[in-house]
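First up is the structure itself, then whatever we jot down about it.
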Amino acid sequence: MDLTTNYMGLTLPSPIIVGSSGLTGSVDKIAAFAHHGAGAVVLKSIFEEEILFEYEDILKEAQGEGVNLEQFDYFDYYLKGKKLSSYVDLIEAAKQAVDVPILASINCIYSHEWIAFADRIQKAGADALELNMFFLPSDFERSAREQEEAYFRIIDKVLASVSIPVALKISHYFSNLGPMIQKLSRTGVKALVLFNRFFSPDIDIDTLKVKPSFVFSSPVELAMSLRWIAIMARKVDCDLAASTGVHDGPALIKQLLAGATAVQTVSSLYRHGPAHIQAMLDNLKNWMKTHDYHSLADFRGKLSQETASNPAVYERVQFMRYFGGEKDGT
Ligand SMILES: Cc1cc2nc3c(=O)[nH]c(=O)nc-3n(C[C@H](O)[C@H](O)[C@H](O)COP(=O)(O)O)c2cc1C
């Protein structure tokens, strides 16, 4: 049975990609994922914000101690170098340790910062680069158009500076999601990852404090990415990777049937450990055997919107008849 998949021009031994997270921040963990059948690994993102916060803290401390601030131009550079060099070390060590593709990930806010990061990452030997890009639509100074243009500007700059394949991981916060995904797929990125899931706040009604909401996804969160993978599968000019809510073999199979080229998972691996990849792949193999499929291409996209026998189901959003006596709720 052939589980290989061609994702962004890279050959992955299986369709499961370990998504960017703290799980992929050490070589030992990356090796364990590869050992248990991961097709590729996306390293934790390097965050421009993180570097800047780190710098601001040191700056404040130094101001308190009466240090001459002129030296901080150099120090700023040094800090970035330090943060980057440990990331570069991680890429190099991961490449030495495993045979599966290693995708680096960058989260930046200012377009000029990306360029230096992307170039260093390519030189370190990453097989591909995943751009983790997100502007929370709560910026009242910028229009939706300005927000969207920032994506295209940054992609252009990154594509002009690296030759390794580039993927873009996005959220579903766009005013016209379908056309936006399609336009992004035509920029030259080799894949789109639908969708990122973010840290969300919650409120503790006893302490009257804001606290973090659930860090990990739940299986019901599969629905959003499943719908959009299915809708976009035959309408984009690049590969699609599904992300969010993939916790088990059936969820993996569903995303492939919807049209995903590869499937990312994170929360399931935090919960169950690296051996869970093998369990999901066993599930996939058994299912393929039952349906007499020999490769992923035999069934990928079979239930995308374009190929499903009832395509309208992917565009149905209201529960119009759900409680009106219809048996199947459709
Ligand atoms: C603890 C944690 C850390 C994460 N860090 C990153 C990150 O650095 N970069 C990124 O693009 N996504 C990050 N994510 C998001 C995941 O890559 C993934 O998109 C999200 O968890 C949804 O997938 P899941 O349902 O399989 O968990 C993180 C998720 C978690 C739970």
Side-chain angles (χ1 to χ4, degrees), residues 5 7-8 12-47 50 87 90-91 94 98 100-107 126-134 167-173 191-200 202 212-226 228-229 239-256 258 260-281 283-284:
T5 191
Y7 177 64
M8 306 174 73
L12 276 49
S14 89
I16 299 183
I17 298 176
V18 183
S20 178
S21 61
L23 284 174
T24 57
S26 83
V27 177
D28 290 353
K29 288 183 190 161
I30 292 168
F33 291 127
H35 174 73
H36 287 284
V41 172
V42 187
L43 300 183
K44 64 176 182 148
S45 297
I46 181 157
F47 283 78
E50 206 175 26
Y87 202 68
L90 178 64
I91 296 169
V98 299
V100 298
I102 297 294
L103 286 72
S105 167
I106 307 180
N107 176 282
D127 295 286
L129 175 62
E130 187 175 279
L131 304 180
N132 161 13
M133 219 189 296
F134 177 56
L168 178 69
K169 185 180 189 184
I170 56 168
S171 76
H172 54 268
Y173 286 94
L192 287 166
V193 184
L194 312 183
F195 296 109
N196 207 344
R197 179 179 183 275
F198 303 100
F199 173 88
S200 292
D202 192 8
S213 177
F214 297 109
V215 174
F216 301 127
S217 71
S218 77
V220 293
E221 291 178 58
L222 181 77
M224 176 69 88
S225 58
L226 188 65
W228 285 98
I229 291 284
D239 292 333
L240 292 179
S243 163
T244 297
V246 178
H247 283 252
D248 51 23
L252 164 68
I253 295 164
K254 288 177 195 183
Q255 293 285 18
L256 293 168
T261 307
V263 177
Q264 298 196 356
T265 187
V266 169
S267 297
S268 77
L269 302 177
Y270 269 107
R271 287 216 168 94
H272 306 294
H276 188 59
I277 295 177
Q278 199 54 64
M280 288 167 80
L281 291 176
N283 208 207
L284 170 64

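In what follows, residues are counted from 1 in the order of the sequence shown.
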Review point. Take atom CZ in Phe216; do more than 12 heavy atoms of anything else shown fall under 6.0 Å from it?
Key: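 Atom CZ in Phe216 is crowded, with more than 12 foreign heavy atoms closer than 6.0 Å.
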
Sub-3.5 Å donor-acceptor pair from the side chain of [X] to the main-chain atoms of [Y], do we have one?
X      : Y      : result
Thr5   : Tyr7   : no
Thr24  : Val42  : yes
Asn132 : Asn107 : no
Ser14  : Gly37  : yes
Glu221 : Ser218 : yes
Ser217 : Ser267 : no

Give, for atom [atom1] of [X] and atom [atom2] of [Y], the distance between the pair rounded to the nearest 0.5 Å.
X      : Y      : atom1 : atom2 : result
His247 : His276 : NE2   : NE2   : 8.5 Å
Ser243 : Met224 : OG    : CE    : 12.5 Å
Ile106 : Lys169 : CD1   : NZ    : 13.5 Å
Leu226 : Gln255 : CG    : CD    : 5.0 Å
Thr244 : Leu194 : OG1   : CG    : 9.5 Å
Trp228 : Leu192 : CH2   : CG    : 13.0 Å

Decide yes or no for [X] and [Y]: does some side-chain heavy atom of the first lie under 4.5 Å from some side-chain heavy atom of the second?
X      : Y      : result
Glu130 : Gln264 : yes
Thr265 : Leu252 : no
Leu43  : Tyr87  : yes
Val18  : Lys29  : no
Ser268 : Asp248 : no
Pro15  : Leu281 : yes
Leu284 : Leu256 : yes
Ile16  : Val263 : no

Return the minimal non-hydrogen interatomic distance between [X] and [Y], and the atom names on each side.
X      : Y      : answer
Ala34  : Val98  : CB-CG1, 3.6 Å
Ala94  : Val27  : N-CG2, 4.0 Å
Pro101 : Gly39  : CD-O, 3.3 Å
Ile17  : Ala262 : CD1-CB, 3.6 Å
Ala251 : Gly245 : CB-O, 4.3 Å
Met280 : Gly249 : CG-N, 3.7 Å

Exercise for review: With sequence neighbours excluded, tell me which residues meet side chain to side chain contact (heavy atoms under 4.5 Å, CB included) with Phe134.
Suggested key: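 Testing Phe134 for side chain to side chain contact (heavy atoms under 4.5 Å, CB included), a comparison that skips the adjacent residues, returns Leu136, Pro137, Tyr151, Ser171, Tyr173, Phe198.
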
Practice item. Evaluate the side-chain contact (heavy atoms from CB on, under 4.5 Å) criterion for residues Leu12 and Val100: first the C-alpha distance (whole Å), next the side-chain angles of each, then the deciding distance (0.1 Å), finally the verdict. Key: CA-CA 7 Å; Leu12 276 49; Val100 298; over 6 Å; no

